[in-house]
Structure formats: C-alpha cells, structure tokens
Amino acid sequence: MAEAPPLIIVAPTVPVPDAYDPASVSMDGWLQVFSEFCRLSNILAEPAEPPAGQPNPVNNRRSWFLKCIGQRNFEILRMASLPLLPNERSIPFHVQRLKERFESPQLVPVMRMEFNGRTQKPNESIHEYIASLQDLASKCNFGNNLNEMLRDQLVRGIRSDECRRKLLAEVDLEFANAKNIAIQDESIRRQSQALANAVHVGRVNSQPKPRAKKPQNPNSSPTTSRQSSSNQRRGQGQSTSQGQRQSPSQGQRPKFGPCRRCGRKHNCHTCPARNWKCFKCNLMGHTSKYCPSDRVNSVGTEEPKQESQSGPQTELIEQEVQNVFKLRSFC
C-alpha cells in the first residue's frame, strides 16, 4: 500500500506595512507595526552592534526595514549613512536620523501645558478624546502619576456635565473605571436619542393624512383655474369692503340742514365754528351772525338786544369768516 504524501502547510502571506508617513503616524507607531510584521513573517531580530572598528554584517531584518520605510525615506537614510551603505548601519541609527528630520524635540513643560488644556471637542467621541489624552500623556513624563493625571484630566475636560457628576460621585475613582463610566454614559445618551427620534417619526406617521384635492376640469388649464379662484377671492373682498363702507341709506351721502353755529349745510358737531368766539356775547361755539342771543331777544324772553360795541372792526372780521366759508365750498 502506497504511503500518503506528506502534508505541506503554507503560511499565509503577511502584507507589507505601508511606508512611513510623518504627517499621519509617528516613528514609534510605525516601528510597532513593523515589529508585528517581522514577528508574523518569522524575521529574526537584528543582532547586537559589533564593537567599534569592526564591520557590521548585513542583516535580513535591516533589509526589510529599508524596503518598508519608503523610497523618499530611503534616500534620506542613504545620505545620512555615507560613506557606508544603509544596510551597514543599524536600525536604531536609521530611526534616530528620521526622528531628527521629521520629529522636533518635545519639551516636557510644553507638552504638560498642552495636556492640561486638552478638553473634549464638540464633535469628538469619548473614545477619541481618551486616545488623545493617552497620546499626550506619553510625552509628558508623568512616571508613576500617569493614571492619576489621566483620570483628573478626563473628569475636567469631558463635555457632558451629567457624566462629570457621575464621575465625581465615585469614591476612590481610578482611570480605568472613569473611562468605562464615560464610555457607557455616551452610549446610553446616543441610544436614548435614537429611540426618541424613532418615537417622533412614529407619531408623525400616525397622524391623519390631509384630504385629497378635488379633480380639476380636464378642459380647463391650471393657469385658468388659478385665475378664476383669485378673481373669486378678489370679488368677495371687494363686495365685503363695499358693504362695510355703505351706510344704511344705500351708500348716499346724508343731507344736513342749516347749521345753528354758522348757517351752512353740514353737520353742526363737526363745524369749525365750535372753536370760534362770538363778538356779540363773547361765548365760544358760534358766529355773531347766528348768535343765540338774537333769537332769545326776538322772542321777548330776555332784555332788549344791545348793540355791538365792536364797531367797523367786527364787521370786517365777520366778512372774512364768510369769505373763508365761500372758499371752502369751492374746494
């Protein structure tokens, strides 16, 4: 009986990490990705550097580093490695040259000021805020106080006042517990908002729909129907306004008799002689020609009428008043 061929296990191909881009990732972060790639690909670690004066042998891990670092970065390392080749320099040497080129030295006091002033942005999730705090804290050299500083800045900089009250109510609060409480609070608020929106949409859909409009005459165009409706509304408005302006006597102007104040035919309650002073009796409200004292004396119930003491001046003023009335009648 023939023996079965041996089983060959082929390891999966590990994708090569992207080239180092200083604008999107730090050198330390890229090195972690490269280390995981070497571990999955069974690439041996770089040996220790030989003593000074002895040549540094070519290493497989170093070759992969130069391949994955990118063409632009390789040119920088090639110029920095002269008069040797880049593969004859160690990986720490290349890392230091790239940090000097793309990452400026960070002062601890400056980084701590930035850490203490970091608060949660309006559109920033709690996960993004905590990750940003941890990245800043790694550059502040807090040492054993790292968790305490992270906890205090999380409580101070979180945007939700309700979540801050929950954190302050905890006794012996640790950074890990504070992070879990903040994440859970944000998740509950988002789910509550989604539920409220769903309830609102359900209420809107449950409302009765408006009645359908009556079908228009197929022979009439939409423009004609709109014009007819506007004309109807305009006619109704005009009829209403005319009805309000018309008087009980079918809109005709009422007729008045002679005014008892000045003698003209108009409403005596709006006569301008109401504010005039009579030159005979010195009373307000009428002219001397229609003074009530004349009518009283003619009946004989009062003393005989006294002659006016005004003289020619009174006659001139009365003549001017009559001229004013004549001019108004022409207007």
Side-chain angles (χ1 to χ4, degrees), residues 10-119 121 124-125 127-150 153 157 175:
V10 180
T13 304
V14 180
V16 179
D18 296 334
Y20 168 61
D21 184 10
S24 59
V25 66
S26 63
M27 190 67 216
D28 294 335
W30 188 88
L31 278 178
Q32 293 179 7
V33 177
F34 177 74
S35 299
E36 292 299 322
F37 166 76
C38 294
R39 184 180 63 83
L40 294 174
S41 302
N42 297 324
I43 300 174
L44 300 179
E46 184 181 25
E49 293 187 9
Q54 295 183 7
N56 195 349
V58 177
N59 180 259
N60 192 21
R61 191 184 188 97
R62 195 179 305 153
S63 299
W64 275 105
F65 176 85
L66 295 174
K67 180 184 185 315
C68 298
I69 199 66
Q71 183 63 33
R72 177 170 174 265
N73 299 320
F74 179 82
E75 288 296 325
I76 297 174
L77 297 178
R78 186 180 66 82
M79 298 297 296
S81 301
L82 293 176
L84 301 179
L85 296 175
N87 203 1
E88 296 177 353
R89 299 285 189 179
S90 63
I91 292 179
F93 173 85
H94 296 314
V95 171
Q96 186 63 27
R97 299 291 83 78
L98 292 176
K99 284 186 176 182
E100 292 175 356
R101 178 66 179 270
F102 296 111
E103 298 181 3
S104 59
Q106 298 171 348
L107 302 177
V108 173
V110 177
M111 297 308 301
R112 290 187 176 182
M113 289 179 59
E114 185 177 354
F115 175 81
N116 293 329
R118 182 67 167 87
T119 57
K121 298 177 182 179
E124 187 178 28
S125 65
H127 292 278
E128 296 174 347
Y129 177 57
I130 292 175
S132 177
L133 287 181
Q134 291 176 334
D135 180 63
L136 291 174
S138 64
K139 306 172 185 177
C140 296
N141 194 18
F142 286 133
N144 297 330
N145 298 327
L146 176 62
N147 289 332
E148 294 182 0
M149 299 301 296
L150 287 171
Q153 188 60 31
F175 173 67

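Please read these numbers as outputs of a predicted model, since none were measured by experiment.
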Show the numbers, then the answer: is there a side-chain contact (heavy atoms from CB on, under 4.5 Å) between L44 and N59? CA-CA 9 Å; L44 300 179; N59 180 259; 6.0 Å; no
Between N73 and R101, is the side-chain contact (heavy atoms from CB on, under 4.5 Å) condition met? List the steps. CA-CA 10 Å; N73 299 320; R101 178 66 179 270; over 6 Å; no
Let's go through R78 and L85 carefully: what are the C-alpha distance in whole Å and the side-chain angles of both, what is the deciding distance for side-chain contact (heavy atoms from CB on, under 4.5 Å) to 0.1 Å, and is it a yes or a no? CA-CA 7 Å; R78 186 180 66 82; L85 296 175; over 6 Å; no
Output, in order, the C-alpha distance, side-chain angles, deciding distance and verdict of side-chain contact (heavy atoms from CB on, under 4.5 Å) for V110 and F115. CA-CA 9 Å; V110 177; F115 175 81; over 6 Å; no
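Remark: R97 is positioned above the aromatic ring of F93, its terminal NZ or CZ atom under 6.0 angstrom from the ring centre and at most 45 degrees off the axis.
Looking at E46 and R61, no side-chain N of the basic residue comes within less than 4.0 Å of a carboxylate O on the acidic one, giving no salt bridge.
Note that CE of M79 is 12.0 Å distant from CZ of F74, once rounded to the nearest 0.5 Å. Here the OG-CG distance, from S26 to D135, works out to 7.0 Å after rounding to the nearest 0.5 Å. For the atom pair Q71 CD and L66 CG, the distance stands at 11.0 Å (nearest 0.5 Å).
The closest donor-acceptor contact from the side chain of E124 to the backbone of K121 lies under 3.5 Å. Between the side chain of S41 and the backbone N or O of C38, no donor-acceptor pair lies under 3.5 Å.
Between V95 and W30 the shortest side-chain heavy-atom distance does not fall below 4.5 Å. Taking the side chain as every heavy atom from C-beta outward, F175 and I130 approach each other to under 4.5 Å. Taking the side chain as every heavy atom from C-beta outward, F102 and D21 never approach each other to under 4.5 Å. Using a 4.5 Å heavy-atom threshold, the side chains of R118 and S132 count as touching. Counting heavy atoms from C-beta on, the side chains of H94 and S81 come closer than 4.5 Å. Taking the side chain as every heavy atom from C-beta outward, L136 and R112 never approach each other to under 4.5 Å. In this structure the side chain of R72 never reaches within 4.5 angstrom of the side chain of Y20, judged on heavy atoms. Side chains of L77 and F65 form a contact here, defined as non-hydrogen atoms less than 4.5 Å apart.
What you find for E103 and M27 is that their closest heavy atoms are OE2-N, 2.8 Å. The minimum heavy-atom distance linking N87 with R62 is given by the pair O-NH1, 2.6 Å. Shortest non-hydrogen contact noted between P15 and F37 is O-CD1, 3.5 Å. In this structure, A19 and I69 approach most closely via the heavy-atom pair CB-O, 3.8 Å. Listed here is the closest heavy atom pair of Q153 and Y129: O-OH, 3.1 Å.
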